[in-house]
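I have placed the structure first, in the form of structure tokens, so that the comments after it can refer back to it.
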Amino acid sequence: MQAGFNFFQHWYPLSPIEDIDPQRPVPVTLLGIRLVIWKPKSSENYRVFLDQCPHRLAPLSEGRVDDKTGNLTCSYHGWQFDEQGICTRVPQAENPELVAKNQRNFCVVSLPVRQENDLLWVWPDADSTELAANTPLPLSPQIDVKKGFVWSSYVRDLEYDWQTLVENVADPSHVPFAHHGVQGNRETATPIAINIIKSTENLIEVSTGGRFQTTITFEPPCRLEYAISIPNSDKQLGLVTYCIPVSPGKCRIVAQFPRNFATTLNRFTPRWWNHIKVRNQVLDGDMVLLHHQEYLLQQKQLSESWKTAYKLPTSADFLVIEFRNWFDKYCQGKLPFSDQGGIIARESWQINDNRAVILDRYKQHTQHCSSCRNTLKNLQRLQIALLAYFVITVSGVAILPDALRMRLGLPLVITALLGLGAYSWLKFWLIPKFYFVDYIHAEK
């Protein structure tokens, strides 16, 4: 498919399984290929197809799962496909034998999938299914209940390229500054010495000095993991990120956060609360910085190498340098985005100064996260109920007889006002956190 490292012959996690809506087809893009995730009614497992109906190339992600057959139905002309991608129904066929004779000719491209470690994995090369079956998933050893670990998951689409995401996650020294007050403190930042342990085509591993013993592993093309040991104890925590190349200038992060201590806290902290208070803020803190950095690097690389465009004088930059050298050596410094999915490669990067777009939490995260989107729906229903209660209560008190108004009116009005206060808190503080929160470093 291409010389050097073959991005298409690897496993990628598309999403945490808990975040996929089993009732409807879900679109997703990987390496420039538009895909559709769906779940047959007769199966416990999801399927991933190329998001194109073979009839007239309409997106199957705009279709539905048929109530009677459980098959994926194209909403354009009603063609149906079973869990293997074989066409089972063509409503326009005058002769029923037309479908039977052409089932495989009319089939959808179906990709190998697996469900493991709470993630849905896909192999984007339909022509190498045997290789897919014999290739292990890039799983984290920390995502293991038997070892005493618990974890939570997170997914977000990002407004910069895959290589920028890998480079950023591979750089622990930015945390006290870019995430000051969220995950670090710039006043206590210290130099981080990085030591290269191993560097091959299929694995880069480093260790860091400092207060915590940390191992960072990059297993191309997507797993980038931190394993952190707390001194003088058996406590461990980690950061497992899967960096997913979506299209030029776009990527997705699928992350898991394991630890083997404070395990009950994992059950009592709502997942959506952790997302709006911590996880989204961390990605917000990077977003504008990396969006601009990527543009400037692309411009400089028109006339020079990253080696001269960047100034990398300390050992804290060793993993960034190692990744960039790996990317040059095995990938010729570029990603092989496919054109079969209808994605047009972006010829030049442009800076988007619209912060509401760059930091759009709803489109990038909330709509993809079952916890956040369901909580948002419930909060919006609660808003309506609180407002209705206020209007009905105040109106009711106004028409009460004088005797009842003196005895019941004041308590009722007080509860109505409290409800109005709760409504205002939801409207102006909590609900906006699911949509957009500007991240201004100068104010942190």
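All residue numbers refer to positions in the sequence shown, counting from 1.
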Work out which heavy atom in [X] is nearest to a heavy atom in [Y]; give both atom names and the distance.
X    : Y    : result
G63  : S75  : CA-OG, 3.2 Å
A189 : P176 : CB-CB, 3.8 Å
I244 : P13  : CD1-O, 3.5 Å
P124 : L31  : CG-CD1, 4.2 Å
Y242 : L139 : OH-CA, 3.8 Å
V240 : Q142 : CG2-NE2, 4.2 Å

Requested in this report: Give every residue pair that meets the side-chain hydrogen bond (donor to acceptor under 3.5 Å, both in side chains) criterion with at least one member in residues 191-207, sequence neighbours excluded.
Outcome: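 Every side-chain hydrogen bond (donor to acceptor under 3.5 Å, both in side chains) pair that includes a residue of residues 191-207, provided the two are not neighbours, is S199-E322.
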Beyond-backbone contact of [X] with [Y], side-chain heavy atoms, under 4.5 angstrom:
X    : Y    : answer
V413 : L417 : yes
T241 : V254 : no
I143 : S140 : yes
R34  : Q52  : no
L312 : F318 : no
I230 : F261 : yes
V36  : V26  : no

Requested in this report: Determine, stepwise, if the pair W121 / V113 fulfils side-chain contact (heavy atoms from CB on, under 4.5 Å).
Outcome: CA-CA 5 Å; W121 301 80; V113 293; over 6 Å; no
Who passes side chain to side chain donor-acceptor pair (under 3.5 Å) against [X], sequence neighbours left out?
X    : answer
T164 : E294
W306 : D328
Y154 : N280
N185 : none

How many angstroms lie between [atom1] in [X] and [atom2] in [Y], if you round to the nearest 0.5 Å?
X    : Y    : atom1 : atom2 : value
I228 : T214 : CD1   : OG1   : 4.5 Å
N260 : F149 : CG    : CZ    : 4.5 Å
L386 : S424 : CG    : OG    : 9.5 Å
F49  : L60  : CZ    : CG    : 8.0 Å
W272 : N378 : CH2   : CG    : 10.0 Å
D171 : L319 : CG    : CG    : 8.5 Å

Query raised in the report: In chain order, what residues pass the side-chain contact (heavy atoms from CB on, under 4.5 Å) check against P432, with sequence neighbours excluded?
Result: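 Checked P432 against side-chain contact (heavy atoms from CB on, under 4.5 Å); zero matches.
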Query - With T393 via side-chain contact (heavy atoms from CB on, under 4.5 Å) - residues at least two apart - result: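 For T393 the side-chain contact (heavy atoms from CB on, under 4.5 Å) partners, ignoring immediate neighbours, are Y389, V397, L412, A416.
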Distance-only side-chain donor-acceptor flag, [X] / [Y], under 3.5 Å:
X    : Y    : result
W11  : T135 : no
N117 : W151 : no
R324 : Q163 : yes
Q213 : Q236 : no
D66  : N71  : no

**Report entry** Derivation and outcome, side-chain contact (heavy atoms from CB on, under 4.5 Å), residues R407 and L404
**Finding:** CA-CA 5 Å; R407 189 170 72 251; L404 286 177; 3.0 Å; yes
Query raised in the report: Are K311 and D317 close enough for a salt bridge, meaning some N to O gap below 4.0 Å?
Result: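 The answer is no: the pair does not qualify as a salt bridge.
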Can you give me every donor-acceptor pair (side chain of residues 38-45, partner residue at least two apart or in another chain, under 3.5 Å) with its distance?
| from | atom 1 | to | atom 2 | distance (Å) |
| --- | --- | --- | --- | --- |
| S43 | OG | N45 | N | 3.0 |
| S43 | OG | N45 | O | 3.3 |

Query raised in the report: Under 6.0 Å from the six-membered ring centre of W429 and within 45° of its axis: does the NZ or CZ of K433 meet both?
Result: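 Satisfied, under 6.0 Å and within 45°.
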Query - V48 and W123: CA distance, side-chain angles, deciding distance, side-chain contact (heavy atoms from CB on, under 4.5 Å) verdict - result: CA-CA 9 Å; V48 178; W123 181 276; over 6 Å; no
Query - side-chain contact (heavy atoms from CB on, under 4.5 Å) between Y310 and L297, worked out - result: CA-CA 8 Å; Y310 285 166; L297 179 61; 3.2 Å; yes
Query raised in the report: What do you reckon, are the aromatic ring centroids of W162 and F7 less than 6.0 Å apart?
Result: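 Distance test on ring centres: under 6.0 Å, yes.
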Using a 3.5 Å cut-off and no angle test, enumerate the donor-acceptor pairs between side-chain atoms of residues 364-371 and protein atoms at least two apart in sequence or in another chain.
| from | atom 1 | to | atom 2 | distance (Å) |
| --- | --- | --- | --- | --- |
| Q364 | OE1 | R156 | NE | 2.9 |
| Q364 | OE1 | R156 | NH2 | 2.8 |
| Q364 | NE2 | V357 | O | 3.4 |
| Q364 | NE2 | I358 | O | 2.8 |
| H365 | ND1 | V155 | O | 2.6 |
| H365 | NE2 | H275 | ND1 | 3.2 |
| T366 | OG1 | F434 | O | 2.7 |
| Q367 | NE2 | K363 | O | 2.9 |
| H368 | NE2 | D157 | OD2 | 2.9 |
| H368 | NE2 | K363 | O | 3.2 |
| S370 | OG | E18 | O | 2.8 |
| S370 | OG | D19 | OD1 | 3.0 |
| S371 | OG | R271 | NH1 | 2.9 |

**Report entry** Heavy atoms from other residues, nucleotides or ligands near CD of Q115 exceed 12 (cutoff 6.0 Å)
**Finding:**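 Yes - once you tally the heavy atoms of other residues, nucleotides and ligands closer than 6.0 Å, there are more than 12.
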Query - Steps toward side chain to side chain donor-acceptor pair (under 3.5 Å) verdict (Q80, T69) - result: CA-CA 9 Å; Q80 288 192 14; T69 65; 2.8 Å; yes
Residues 435-444 side chain polar contacts: donor-acceptor under 3.5 Å, at least two apart:
| from | atom 1 | to | atom 2 | distance (Å) |
| --- | --- | --- | --- | --- |
| Y435 | OH | Q380 | NE2 | 3.1 |
| D438 | OD1 | R355 | NE | 2.8 |
| D438 | OD1 | R355 | NH2 | 3.2 |
| D438 | OD2 | R355 | NE | 3.4 |
| Y439 | OH | A178 | O | 3.4 |
| H441 | NE2 | G285 | O | 2.9 |

Query raised in the report: D51 side chain to S61 main-chain N or O, any donor-acceptor pair under 3.5 Å?
Result: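 Indeed, once roles are kept as given, a pair shorter than 3.5 Å links the two residues.
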**Report entry** Donor-acceptor contact below 3.5 Å, side chain R252 vs main chain V246
**Finding:**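 A pair under 3.5 Å: no.
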**Report entry** Residue pairs involving residues 178-234 (criterion ring pair (Phe, Tyr, Trp, His ring centres under 6.0 Å); sequence neighbours excluded)
**Finding:**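 Qualifying pairs: H174-H179, F218-F323, F218-W326.
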Query - Pairs involving residues 214-236, ordered by first then second residue, that meet salt bridge (charged side-chain N to carboxylate O under 4.0 Å, His left out) (sequence neighbours left out) - result: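 As it turns out, the salt bridge (charged side-chain N to carboxylate O under 4.0 Å, His left out) pairs with a partner in residues 214-236, which skip direct neighbours, are E219-R223, R223-E225.
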